[in-house]
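One structure is given below, encoded as structure tokens.
We name chains A, B, ... by the order of the sequence lines, and we start the count at 1 in each one.
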There are 2 protein chains.
Amino acid sequence: MDQNSLPPIQTTARDDAVLKALVGFVRAEALQPGGRLPTERILAERLKVSRNTVREALTRWEGLGLVERRQGSGTYLKAAVSPDMLHLPLTLAGGNDFTSLMQTLEIRRALEAEAAALCAERASPANIAEIERKLDIMEQAFRTLDGMSSEEDWEFHQAIYRVSGNPLFEQIIAAMHELFHRFWEHPLGVRDFGHASFPYHRTIYECIAARDPRGARAEALKLIATVEDDLKRGAAKLKLRT
Amino acid sequence: MDQNSLPPIQTTARDDAVLKALVGFVRAEALQPGGRLPTERILAERLKVSRNTVREALTRWEGLGLVERRQGSGTYLKAAVSPDMLHLPLTLAGGNDFTSLMQTLEIRRALEAEAAALCAERASPANIAEIERKLDIMEQAFRTLDGMSSEEDWEFHQAIYRVSGNPLFEQIIAAMHELFHRFWEHPLGVRDFGHASFPYHRTIYECIAARDPRGARAEALKLIATVEDDLKRGAAKLKLRT
DNA sequence: ATGGTCCAATGGTCCAACCAATTTCTGCAC
DNA sequence: GTGCAGAAATTGGTTGGACCATTGGACCAT
């Protein structure tokens, strides 16, 4: 017998019930990300639970990044919610060491290549125009600053993830982006970090515009490879462990 | 001016401070997963904060899967913690609908192929033997049950992720496994769901044993393709939306 | 317009108590 | 002594009420 057929009963689950009610509220009110939730006091009164219970529920959602609380202002929705949401709380020991960054890059390589390929398959003309716009901005920033601008670079890649049609790509990479961002600003002592990756942004775009999934995948892999090289050069310079 | 040069100041962060102190405690006591944390009341007293604040902090950790609370018993550590942890709270609108499962598969395709390739590069003889053992068990289960056994199948793939040398693969896929598991037991009305994927498990293993990254990647892609086919067949049968 | 002051709303913290589940102890029967 | 039922202590869960800190808008003086 599958032990899943007899799940443990839940005798008390006030805060979970609160969250369920909140999901209902968000849907009933068609609340969009950025919208404001009822105040804690109102929720407590309406749901007939203590304000503390409401707070515990909201704390959970806050930890999951679904909601943002601003003292003196209110509680705001940060992401879309649905009744059958699944939360994947990944917690990984992330450091600034070479190994962690390399591992992050391996994940990014896998996802970036796949996303680029899917993007090339599915992009509409409007999508392609949007990506080109982001590319132009990035290239402009590159010339102005004489180097990679992490902000504009990120926007470009994000556009590709979005157009891939699979929101999971954007979510996973966005979550890891913070980890990556940390060291992006401190290029391990390597001058011109990311310079080598610059030309591949355009080649990726061209493959997408040409609806060439295989090419897009190949160019994406090349781009990641240049970043890996930069990383290795930095590691060698700092004599970090491999 | 770079807007990062004036980051918002942090005036109060009691519960965050509690978590930081808790990290220190875990490390000082060399607390292992499964170990028991101090009582909420004791923590409140020691840290000179209200029990409510302690509870908010623990609620966050609980939501992140780091800790488990058992009423009447205590609070127990569920995973290792470190000062520089990174949390990726992925929330995906995951249902049993065709679209969600297909998107999950696209992620799995990206990661599975990369992991198989890395595994083929890095596997030690002992690793290879371990994977073969898992493969034998899976094949045995297949013959006995006359069908795929999700449990043994999962163990096989997990072994590959582990040997890939990058713990992120295992963590991400493991988190998504629950989503996949849901419908794995209810194969959308498709008889012999997963049957077609069976032979590729051995071909993947053989490529790994032969230290053939390209082959391993190719076979992994074939395996996922068969699952996608099964999924599409099920969707067509159930007239689900694409 | 600009800046300052006040004030109501809102999240953050605290306290003291009680409830509910669990564990531990106690004492009785055998 | 052993075993077990019930009491007692422990521990997380909930409640209600209070106060603090921050926010943002209204109002006012310059």
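- A/Leu43 has its CG atom 15 Å from the P atom of D/dG16, to the nearest Å.
- Between A/Arg69 and A/Glu40, at least one side-chain N (NZ, or NE/NH1/NH2) sits under 4.0 Å from a carboxylate O, which counts as a salt bridge.
- As rounded to whole Å, 11 Å separates atom P of D/dT23 from atom OH of A/Tyr76.
- Evaluation of atom-type donor-acceptor distances gives a pair under 3.5 Å for the side chain of B/Arg51 against the base of D/dG13.
- Straight-line distance from the CG atom of B/Asn52 to the C1' atom of D/dG13: 11 Å, rounded to whole Å.
- For A/Arg69, no side-chain nitrogen or oxygen approaches OP1 or OP2 of C/dT10 to under 4.0 Å.
- Between A/Glu40 atom CD and D/dG17 atom C1' there is a gap of 15 Å when expressed in whole angstrom units.
- Between B/Arg55 and B/Ser50, the side chains place no donor N or O within less than 3.5 Å of an acceptor N or O (distance only, hydrogens not considered).
- Under the 30°/60° scheme for interplanar angles, the aromatic rings of A/Phe198 and A/Phe142 are found to lie parallel.
- Looking at A/Glu62 and A/Lys78, no side-chain N of the basic residue comes within less than 4.0 Å of a carboxylate O on the acidic one, giving no salt bridge.
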Dot-bracket encoding per residue of DNA chain D, Watson-Crick/G-U cut-off under 3.5 Å, | denoting interstrand: ||||||||||||||||||||||||||||||

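- Among the nucleotides D/dT23, D/dT14, C/dT10, the one closest to any side-chain atom of A/Arg41 is C/dT10.
- With rounding to whole Å, A/Arg55 atom CZ is found 17 Å from D/dG13 atom P.
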